[in-house]
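See structure below.
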Amino acid sequence: MEEELKERLFNRKENGWKSTNLEQREEIFSFSKKYMDFLNGAKTEREFIKKARKIADENGYKDIMEFETLKPGDKIYFVNREKSMYLGIIGSEAIENGLHIVGSHIDSPRLDLKPNPLYEDTGFAYLKTHYYGGIKKYQWTTIPLSMHGVIVKTNGEKIEINIGENEEDPIFTITDLLPHLAQEQMEKKLKNGIEGEDLNLLVGSIPYDDKNVSENVKLNILNILNQKYGITEADFTSSEIELVPAFKARSLGFDGSMIAAYGQDDKVCAYASLAAMMELENVKNTAICILSDKEEIGSMGNTGMESHMFDFFISEILNKLGVNKPNLLDKVFCFSKMLSSDVDAGFDPIYASVSDKHNAGFLGKGISVNKYTGARGKSGGSDANAEYVAWIRNMLEKNNVKYQVQELGKVDKGGGGTIAYILANKGVDVIDCGVSILSMHAPYEVTSKYDIYSAYRAYKAFWRE
Ligand code: MN
Ligand code: MN
């Protein structure tokens with residue numbers, strides 16, 4: 001009797017795997033396999049966009065610039081400087097009734113090369129780095145790193161770099177001090193154990209074949225790069241080269257229930273939304289998928305969400321639908337709904353003290369919904385209104401998507417943000433809705449396959465609403 005009452009009244013947050021049958025598990029695992037394969041070839045924002053564009057092309061999407069006019073059912077995209085992208089399907093409903101937007105980011109914490117990176121010290125050649133996003137620096141030493149990016153020469157020629165992903169490739173690494181001599185280092189605070197300025201990448205040790213030249217190890221490296229890519233040292237100044245972990249995405253655990261991979265924040269939500277969008281047809285409200293850049297450093301820059309590029313894309317839709325008029329863009333945003341699809345902190349029992357168990361997200365319990373983010377009294381969060389949360393709950397429940405409503409951590413333990421507030425500022429109803437993750441921003445992040453599949457189903461349901 002009491003059990004029945006409990007069943008009816010309690011907000012039970014059950015493990016999602018419990019209610020899956022064999023067929024559903026196979027579906028979850030096969031979706032996860034596709035995600036891992038994608039991730040292994042998309043470790044940077046440029047690589048992600050390149051692959052996303054190819055997938056979109058294969059699924060009947062076309063660059064919006066190729067359209068003279070648009071009509072319901074048209075599938076469009078816009079690629080912004082090879083680093084961010086918006087996709088859409090024109091809905092049957094008048095566009096002034098609002099868009100349904102799912103927005104994620106595809107940049108992840110990493111190490112970038114400095115503009116003048118190469119130097120030699122005591123027979124070693126190094127590349128200096130400047131870290132990108134919030135990292136715990138000690139995690140980035142003594143792991144295999146691969147090099148990805150572009151070097152653009154003054155004549156406009158663009159050289160793509162990808163070294164360290166193939167088994168035959170060399171990798172790079174940053175050394176750390178042996179414990180035997182680390183007495184002083186070990187006394188330091190964890191955050192000071194490795195200084196940012198010491199994140200120097202070891203890249204060579206053979207001197208150029210001329211004993212009378214100084215810096216001949218550096219010279220030898222430049223000679224190799226010149227022969228292979230036709231570049232000189234100055235060309236580094238117009239490059240964007242990122243160091244990312246050379247690890248592959250792998251299934252984690254005896255049961256293979258989880259995924260360990262680099263860059264899951266936020267490529268996990270980006271991939272889930274992209275996959276969902278590729279299966280959409282005939283939507284009511286115009287469906288928009290945002291793959292944004294620069295979130296990890298504050299969404300600034302013209303490929304970040306703060307840029308007006310997104311307004312331009314939506315204006316282009318309004319123009320090509322032949323409906324544009326003064327202030328229509330504002331009106332469209334005011335009637336729009338959005339899922340800010342970014343990862344959330346998963347409850348980690350080893351570090352339980354930073355989470356409020358009653359309000360934490362657990363791996364395997366479905367997609368994570370955050371009413372608010374922010375820090376110290378919700379500061380900086382956009383805090384979705386109760387009416388919208390109710391609408392989201394109804395949408396998820398109707399479609400049998402398991403979800404959990406949570407917050408990032410205990411009050412005053414820290415905090416974080418997403419792109420949610422940027423769209424909320426335009427008048428859009430926004431809520432954070434993504435996958436919970438362990439070891440966020442580490443070289444190897446952990447997610448649950450169940451949650452990834454839940455996210456994919458949630459995004460699809462949202463767009464179909
Ligand atoms: Mn994120
Ligand atoms: Mn992040």
Side-chain angles (χ1 to χ4, degrees), residues 35 39 42-45 48-49 52 83-85 101-112 131-137 139-140 242-245 249 259-274 289-301 303-306 310 338-346 348 351 354 361 363 367-375 380-382 384 406-409 413-424 430-448 451-452 455-456 458-459:
Y35 163 56
L39 208 52
K43 290 194 173 179
T44 66
E45 57 279 18
F48 194 110
I49 293 302
K83 297 203 286 187
S84 70
M85 184 174 184
I101 307 166
V102 178
S104 61
H105 68 92
I106 52 166
D107 60 318
S108 304
R110 61 180 189 249
L111 307 177
D112 287 344
Y131 65 96
Y132 174 99
I135 63 164
K136 293 163 96 172
K137 298 177 194 90
Q139 294 177 332
W140 293 74
E242 309 175 10
L243 283 320
V244 299
I259 292 175
Y262 162 72
Q264 298 204 73
D265 175 8
D266 182 33
K267 296 182 187 79
V268 63
C269 297
Y271 177 81
S273 62
L274 179 67
C289 178
I290 298 173
L291 306 172
S292 70
D293 180 30
K294 298 273 183 281
E295 194 275 344
E296 296 295 356
I297 55 169
S299 295
M300 312 291 180
T303 54
M305 205 59 227
E306 292 269 19
F310 183 62
M338 178 182 180
L339 300 180
S340 164
S341 57
D342 205 343
V343 298
D344 203 341
D348 187 335
Y351 302 101
V354 300
L363 264 65
I367 190 161
S368 297
V369 177
N370 269 50
K371 185 177 182 299
Y372 51 84
T373 58
S382 58
Q406 64 190 65
E407 61 176 10
L408 185 73
K413 277 287 176 195
T418 65
I419 62 168
Y421 76 93
I422 301 163
L423 280 294
V430 188
I431 195 159
D432 280 294
C433 183
V435 172
S436 273
I437 194 164
L438 302 184
S439 306
M440 195 194 289
H441 286 200
Y444 228 26
E445 300 172 314
V446 173
T447 53
S448 161
D451 301 336
I452 299 169
Y456 151 78
Y459 303 151

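Every heavy atom of this structure was used, including side-chain atoms; hydrogens, water molecules and symmetry mates were not. If you read the sequence from its start, that first residue is 1, and numbering goes on from there. We count ligands from 1, going down the list as the structure has it; atoms in each ligand are counted the same way.
At a cut-off of 3.5 Å, with distance as the only test, no side-chain donor of H441 or Q139 sits close to an acceptor on the other residue. One side chain, Q264 or T447, offers a donor N or O that lies under 3.5 Å from an acceptor on the other.
E445 places a side-chain N or O within 3.5 Å of a backbone atom of D265 that can act as its donor or acceptor partner. Proximity of a side-chain donor or acceptor of S104 to a complementary backbone N or O of D342 within less than 3.5 Å is not detected.
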Does the pair Y271 and L39 meet the rule for a side-chain contact (heavy atoms from CB on, under 4.5 Å), with working shown?
-> CA-CA 8 Å; Y271 177 81; L39 208 52; over 6 Å; no
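Partners of D344 under the side-chain hydrogen bond (donor to acceptor under 3.5 Å, both in side chains) rule, at least two apart in sequence or in another chain, are N370, Q406.
The set of protein atoms (N, O or S) found at less than 2.8 Å from the Mn ion (ligand 2) reads D265 OD2, E296 OE1, E296 OE2, H441 NE2, by chain and number.
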